[in-house]
Amino acid sequence: MSGDGQGRDHWFDDEAGPVVRPYAMTRGRTTSVAQHRLDLIAVVVTEPDAGDPEADATLSPEHVEIVGFCRDTPQSVAEIAAELDLPIGVVRVLIGDLVAAQFVHVTRPVPPAELPDESILRDVINGLRAL
């Protein structure tokens with residue numbers, strides 16, 4: 001017995017982080033079906049017709065949190081990992097589960113090299129005005 005009045009020692013504090021090992025959240029899995037698309041800038045969007053994730057007994061609290069984060073505003077994989085304070089690898093597996101369960105989908109931002117040139121857009125606008 002310790003002298004803290006509660007009969008047990010607290011060997012961790014808020015700085016110690018989660019008591020459960022992160023990979024326990026993924027049941028030891030390190031990859032998911034959608035792994036190849038989930039880099040740091042991939043954007044996670046909640047499906048518009050997604051049901052209540054809390055009603056799905058196969059989802060963990062972290063899965064439910066991810067759906068909640070992305071419901072109002074799409075979030076990048078990096079933002080979700082930072083918000084949950086979990087390693088990127090764990091977050092990728094959790095997001096992969098949500099993609100497979102059709103609660104979210106993942107989109108990719110358009111690379112700047114693929115955006116139309118501003119001069120082309122000006123030419124199109126000028127051409128439309130000339131009509």
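This structure is a prediction, so every number in the text was calculated from the model and none was measured. Counting begins at 1 with the first residue of the sequence.
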> For I41 and R108, which heavy atoms make the closest approach, and how far apart are they?
Replying inline: CG1-NH1, 4.2 Å
>> With salt bridge (charged side-chain N to carboxylate O under 4.0 Å, His left out) as the rule and sequence neighbours excluded, what pairs involving residues 122-131 come up?
In response: E118-R122
> Considering all heavy atoms of both residues, which atom of I88 and which atom of A78 are nearest to each other, and what is their separation?
Replying inline: CD1-CA, 4.2 Å
>> Nearest 0.5 Å, please: how far is CZ in F103 from CG in D49?
In response: 10.5 Å
> Roughly how far, to the nearest 0.5 Å, is CG of L84 from CG of L94?
Replying inline: 7.5 Å
> For T46, which of T73, V67, I66 qualifies under side chain to side chain contact (heavy atoms under 4.5 Å, CB included)?
Replying inline: V67
>> Any non-hydrogen side-chain atom of V104 less than 4.5 Å from a side-chain atom of V99?
In response: yes
> Roughly how far, to the nearest 0.5 Å, is OG of S60 from CG of D97?
Replying inline: 8.0 Å
>> For F69 versus E83, what's the shortest heavy-atom pair and its separation?
In response: CZ-CG, 3.1 Å
>> Rounded to the nearest 0.5 Å, what separates atom CG in L131 from atom CG in N126?
In response: 11.0 Å
> Closest approach of Q102 and E47, non-hydrogen atoms and distance?
Replying inline: O-CG, 3.5 Å
> Which heavy-atom pair separates L86 from E62 by the least distance, and what is that distance?
Replying inline: CD1-CG, 4.1 Å
> If every non-hydrogen atom of L59 is compared with every non-hydrogen atom of P53, which pair is closest and at what distance?
Replying inline: CD1-O, 3.7 Å
